[in-house]
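The next block holds one structure in the form of C-alpha cells; read it before the comments.
Please read all numbers here as calculations on a predicted model, not as lab measurements. Worth knowing before you read on, the calculation uses all heavy atoms, side chains too, and leaves out hydrogens, waters and symmetry mates.
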Amino acid sequence: MTDPGAAPRRLHILTVIMRFVKRAPSTVIVPPLILGFAGRTFHPALALAAFAAIAAAVMLYTWLGWWSFTYRIGAEEVLIQHGILQRRRRSIPRGRIQDVSIERSPFARIFGLAVVRLETGGGEAEEARLDSVSMAEAERLRALLRGHAPILETRADVAAPPEPERRIVFAMSLGRVLLGGVFGFSMIWIAAILGVIHSLDRVLQLDWERLFGEAERFAFARFSIFALLLVLAAALMLCVVAGVVRTLLKDYGFTLTHEPGRFRRVRGLLTRSETVIADRRIQLGLIRRGAISGRMGWNIVEVQTLGGSVDRSGREEMAPFATAEEAERVIAATPLPPFQRPGLQPVAPAHILRSAIRDGLPILLVLGIGGFFLSPLWWGLLLAPAPVIVAFFQRTRHRYALRETSLQVMRGVLSQRDWIVPIESIQTLTVRRSWLQRRLGVATVRVDTAGASGWHRPDVSDVPLDSALALARALVTRVD
C-alpha cells in the first residue's frame, strides 16, 4: 500500500496547545514566579507581566515549530522536513521501516491524538517521531507503512488482503499487575515528593530547620527499638505503594499478541502505548528472575531488538511478570530456541578467586584503612569471608553451552539471568584477558549483538584459555 504523489502534511493543530501546556511549568510559570519573588515580598504585577510576555513568546515559537514540520509518505520513502531557521530534511526508505508504534499520553487521549514512532534497523531506537496526529491518521500511517512491498501500487480492483490472525501470547490481569508492583518497590518517588515539598519552601513559608529540630528532639526523647521498627515498616510500606503505583501506570492492561511476522504489545494506564516488534528484529532473549520474586517462581522475559529500544537497557519487555510456563510460552512464540538447563557447563574454578579479589579486596582495604581513623570499622573485617562465599555461588550459577543454533549463558546469584543468543545474531566476538586472568590461565569470551547496550551482557567469564579459544572458533565458524 502506497501514497505516491501525496502533498506534505502537518501534525494536528491541537499539537500547538499540547506542546504549550507541556512547556508551561518550566518556561511559562517558573520564571514569572522567580521574578515575582525577586525581593522579600511578592510582586504580582511583575509576575503577571512576565507571564504574559513569556506565554506569548512560547506560543509563537510553538506555532512556528508546528508550521515548519511536514511529513510525506512517498512510494519508496518517508520524507520529513522541520526547522524554523535551519531547515532539516530526513528521508527514510520505506523498506527500512520495521516497526510502527502508537503511543497515547493522558493529554493526547483527551484531545484524541497519538504519537507515531517509526523504527528501523539503524543504531537509533526510533528513526522518526510524529508528535502528534489524530488517531485516524495514526491508524492510516500504520496501515500504510506496515508490510510495505517496494514499488507496489494498490489497485482499486484488487481486494485488500484479510487481516492477519492474532493470538494472545501473554496478558496481565489487574491482580497480576498489582502483585508485580509489590516486588517492584522503589524509593525514587519518595525522594521526588520530598524534593517538590522542599522546592515550595518560600511559597509554603515553612521553617524546615525548626520542624526538623523538633522532630529530632522528639525522636531522641521517644526512641525505642519498637519505634525504630515502626519507622522502617512505614518506609517500606511507602516504597511498596510507590512501586505498585509505578507498575500500575506502566503495565496496566499489558497484552502481548502475535500475528505472522510480528508481536504487538499494548500497555499503560495514563499513557497508553502500542509497540510492534518484528520477528526478524529479535537478536537475543533474556529471562530474568529477581532476588525475591524469582524465588517465588516469577520471571521477566525480554528480547534485544535490532536497533535497540527506547528503554535504557536496549531491550523490549515481552512479559514483565510471568510464571515459568508463561515465560517458556513467550520464548516459544519468538524465533528463539528454548533455554535448556541440562548440558550447561560451569566456568573454571579460578572464577571464585578472581571474583573474590575483584569484589572483596576494595571493601576490605577501605575498612582496614578506615579502622585507623575510626576503630569500630575494624569489626567490618569480620565480613572477609563474605566475598569468597558470594564468589563460590557465582561460579555455581555461571554456566554456558554452545547449542546447535544458539549460545546459552546462565549467571547471577540473587538476581538470575538466562541468555539465549542465536549464533546468526552475533556481530562481534572478543576473547579478553585481564592481568589477573593471565595469571590464572582463564579468559572472558565477550559476545556482542546489534543494538546491545547496558551493563548486562551474555559474556562467558573465566573460561580456561583453551576452552575460550575453542568456543570463539566454533562461534566464528558457525557465523560464517
Side-chain angles (χ1 to χ4, degrees), residues 1-16 18-19 61-105 108 113-155 160-161 261-264 273-283 304-311 314 316 427 449-453:
M1 185 182 294
T2 61
D3 193 16
R9 299 192 179 206
R10 290 186 173 86
L11 303 175
H12 200 282
I13 185 60
L14 292 178
T15 303
V16 177
M18 285 183 54
R19 291 180 179 176
Y61 178 80
T62 304
W63 184 85
L64 289 175
W66 168 83
W67 179 263
S68 65
F69 189 102
T70 61
Y71 66 94
R72 185 177 68 85
I73 311 299
E76 295 298 328
E77 66 175 0
V78 176
L79 181 62
I80 298 177
Q81 300 184 78
H82 63 96
I84 300 175
L85 299 179
Q86 182 179 359
R87 295 289 292 172
R88 293 183 176 89
R89 183 181 186 273
R90 173 179 292 181
S91 176
I92 307 173
R94 290 180 60 175
R96 286 183 54 203
I97 298 176
Q98 301 186 24
D99 285 0
V100 181
S101 305
I102 297 177
E103 180 179 298
R104 306 189 70 193
S105 65
L113 305 179
V115 177
V116 178
R117 303 177 187 270
L118 309 182
E119 300 178 12
T120 69
E124 296 182 359
E126 60 181 31
E127 188 78 16
R129 173 186 170 97
L130 303 180
D131 184 11
S132 299
V133 297
S134 66
M135 194 60 197
E137 175 67 2
E139 294 287 354
R140 186 188 76 88
L141 290 173
R142 182 169 61 182
L144 196 63
L145 296 174
R146 183 171 293 170
H148 168 65
I151 318 179
L152 177 64
E153 300 295 335
T154 301
R155 295 173 50 186
R262 62 176 61 92
F263 288 90
R264 185 195 303 268
S273 64
E274 179 178 343
T275 303
V276 176
I277 304 171
D279 289 351
R280 63 180 182 272
R281 294 193 67 197
I282 297 177
Q283 299 296 292
Q304 177 72 55
T305 58
L306 185 65
S309 164
V310 293
D311 189 82
E316 294 283 1
Q427 299 294 316
T449 60
S453 62

R104 side chain to M135 backbone, donor-acceptor under 3.5 Å: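 A pair under 3.5 Å: no.
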A138 backbone acceptor or donor facing R142 side chain under 3.5 Å: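 Side chain of R142 to backbone of A138, a donor-acceptor pair under 3.5 Å: no, none is there.
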Would you mind reporting whether [Y] and [X] have side-chain heavy atoms less than 4.5 Å apart?
X    : Y    : value
R262 : R280 : no
H12  : S132 : no
R94  : E76  : no
P8   : Q81  : no
V115 : R129 : yes
V16  : T62  : yes

Separation of [Y] [atom2] from [X] [atom1] (nearest 0.5 Å):
X    : Y    : atom1 : atom2 : value
E316 : T305 : CD    : OG1   : 5.0 Å
I84  : L64  : CD1   : CG    : 5.0 Å
L79  : T70  : CG    : OG1   : 7.0 Å
L11  : M18  : CG    : CE    : 10.5 Å
L141 : S134 : CG    : OG    : 8.5 Å
D131 : F69  : CG    : CZ    : 9.0 Å

Aromatic ring pairing W67/W63, orientation class (parallel under 30°, perpendicular over 60°, tilted between):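 Parallel, since the angle between the ring planes stays under 30°.
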Candidate pair E137 and R9, rule side chain to side chain contact (heavy atoms under 4.5 Å, CB included), full reasoning: CA-CA 11 Å; E137 175 67 2; R9 299 192 179 206; 3.1 Å; yes
Do you know the tightest heavy-atom contact between [X] and [Y]?
X    : Y    : result
V78  : L145 : CG2-CD2, 3.8 Å
I102 : A114 : CG2-CB, 3.7 Å
I80  : L130 : CD1-CD2, 4.2 Å

